[in-house]
Amino acid sequence: MKTLAEGHVHDLKDAVLSSHTTRIVAGEFSDCSSADVIVITAGVSQIQSMRSRRDDLHESAAIIRDIITEVRRYNSDGIVVIASNPVDALTYAALKWSGSPSARVIGSGTSLDTSRLRWRLGERYGISPHNVHAYVIGEHGDSQVAALSSAHIAGIPLEEFCRDQELPYDEADLKTVADETRTAGYTIRAEKGATYYGIGAALVRIVTAILRDERAVFTVSTLVPPPMGLGDVCLSLPAIIGSGGVERILSIPLNEAERRALKRSAEIVRQDLGTLDFGAATLR
Ligand SMILES: NC(=O)c1ccc[n+]([C@@H]2O[C@H](COP(=O)([O-])OP(=O)(O)OC[C@H]3O[C@@H](n4cnc5c(N)ncnc54)[C@H](O)[C@@H]3O)[C@@H](O)[C@H]2O)c1
């Protein structure tokens, strides 16, 4: 594994002159002792393209348990961002095993799916994805929920925007957009083996928001507050991200079908959590 890490270091260093000056090392866990943010991406290879992210749960959980224990041995306070899948169950597990406050262990969650939804809507309506506001919430997986009832462009609800602009507002087409968003990971893995750039860019944005205390909104996986009625689970909701990690969780308006789908998504993650052994670990 060390040789592989060294290979990545040598390859990445070859890019430094053409990109930006960055120190790249094949490190030990002790090197993260002063890190403000620690990103964990280790996990099971994505090569078997049709496996669901949930199929890797037990193998990945064992990896995350080892890594989070070592990280917290040297760094008790840095914000941990997990990308490994299944990311919601692993974020919850890392929270338990680390004993950290919930704001400081975050999963990349549906930040990637939100990006996938926004660029697709942007293409449909001929507008920059920066000006399309819509969120994918719930599990980063097959039960994710595209919260299209609250989607808007420049403050104008989607349906009204279409009417104003004389564009077709087609519910079947929006369902196709949501389906393509949900299955995008499988599609890319079938085409090229693994997804890299989307998740890489999403992680850079989340880490930047933490380091610069941006208080920007991302759909990250986080421990759901009890009043939301979704049970003891981590999943994605829009959250304000700043130097303290998850600064605040936002409750967006949902229609009845979206509310039901979010409950179902939480149930699915809770089912997975029920198969993991947390021993005496408790949440703070
Ligand atoms: N959250 C997302 O949106 C998203 C997107 C892409 C990939 N992923 C997930 O990221 C993970 C990695 O995917 P990948 O394509 O980079 O796989 P990969 O096989 O290319 O890399 C996984 C790496 O983990 C390392 N590893 C395994 N066990 C380890 C351990 N105990 N300690 C340290 N390192 C260990 C392996 O050596 C390997 O380098 C998977 O869980 C994948 O599903 C998540």
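We count residues from 1, following the sequence as given. Order of appearance sets the numbers: ligands from 1, and atoms from 1 within every ligand. The structure presented is a predicted model; accordingly, all values stated were derived computationally and were not measured.
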Which atoms of ligand 1 are found less than 4.0 Å from any heavy atom of Ser108? 1 (N)

Could you tell me whether Glu160 and Arg163 have a side-chain N and a carboxylate O separated by less than 4.0 Å? no

Answer yes or no for atom 28 (N) of ligand 1: protein heavy atom present at a distance under 4.0 Å? yes

Run the numbers for me: atoms of ligand 1, each under 4.0 Å from some heavy atom of Ile199, listed by number. 1 (N), 2 (C), 3 (O), 4 (C), 5 (C), 6 (C)

Does some side-chain heavy atom of Asp232 sit less than 4.5 Å from a side-chain heavy atom of Leu223? yes

To which of Leu90, Thr41, Ile63, Ile40 does the heavy atom nearest atom 10 (O) of ligand 1 belong? Thr41

Yes or no, since that's all I need: does a protein heavy atom fall within a distance strictly under 4.0 Å of atom 21 (O) of ligand 1? no

Test item: Thr69 side-chain N/O and Arg65 main-chain N/O as donor-acceptor pair under 3.5 Å: yes

Which residue and non-hydrogen atom of the protein lie closest to atom 25 (C) of ligand 1, and at what distance in Å? Ala42 CB, 4.0 Å

Parallel, tilted or perpendicular, as decided by the 30° and 60° cut-offs, for the rings of His152 and His133: parallel

Stepwise salt bridge (Lys or Arg N to Asp or Glu O under 4.0 Å) test for Arg120 and Glu123: CA-CA 5 Å; Arg120 280 181 171 77; Glu123 281 198 350; over 6 Å; no

Decide yes or no for Ile241 and Glu247: does some side-chain heavy atom of the first lie under 4.5 Å from some side-chain heavy atom of the second? no

Where the closest heavy atom to atom 32 (N) of ligand 1 is concerned, which of Ile82, Asn85, Ile67 has it? Ile67

Near Thr195 (heavy-atom distance under 4.0 Å), the atoms of ligand 1 are 5 (C), 6 (C)

Nearest non-hydrogen protein atom to atom 13 (O) of ligand 1, with distance, is Gln46 NE2, 3.6 Å

Derivation and outcome, salt bridge (Lys or Arg N to Asp or Glu O under 4.0 Å), residues Glu139 and Arg270: CA-CA 10 Å; Glu139 181 204 14; Arg270 279 205 316 272; over 6 Å; no

Numbering as shown, the atoms of ligand 1 that approach Ser45 to under 4.0 Å (heavy-atom distance): 17 (O), 19 (O)

Decide yes or no for Ser236 and Val136: does some side-chain heavy atom of the first lie under 4.5 Å from some side-chain heavy atom of the second? no

Just by distance, no angles: are the side chains of Ser84 and Ser60 close enough, under 3.5 Å, to form a donor-acceptor pair? no

So do Phe218 and Arg205 actually touch side chain to side chain, heavy atoms under 4.5 Å? yes

I'd like to know whether ligand 1 has Ser60 as a neighbour, heavy-atom separation below 4.0 Å. no

What do you think, any protein heavy atom under 4.0 angstrom from atom 36 (C) of ligand 1? no

Nearest to atom 40 (C) of ligand 1, what protein heavy atom do you find, and at what distance? Val44 O, 3.4 Å

Protein non-hydrogen atom below 4.0 angstrom of atom 16 (O) of ligand 1 present: no

Under the criterion side chain to side chain donor-acceptor pair (under 3.5 Å), I'd like the reasoning laid out for Tyr74 against Asp31: C-alpha separation, chi angles, the key distance, then a yes or no. CA-CA 8 Å; Tyr74 295 102; Asp31 291 319; over 6 Å; no

For Leu112, the atoms of ligand 1 under 4.0 Å from one of its heavy atoms are 3 (O)

Is there a polar contact, in the sense of an N or O pair closer than 3.5 Å, between Ala83 and ligand 1? yes

Suppose I only count heavy atoms of Leu4 and a 4.0 Å limit; which atoms of ligand 1 are within that range? 39 (O)

So if you build clusters from Ile, Leu, Val, Met, Phe, Trp, Tyr with side-chain heavy-atom gaps below 4.5 Å, do Val220 and Leu117 land together? no

With the threshold set at under 4.0 angstrom, would you say Asp66 reaches ligand 1 through any of its heavy atoms? no

Is His140 in polar range of ligand 1, meaning some N or O pair under 3.5 Å apart? yes

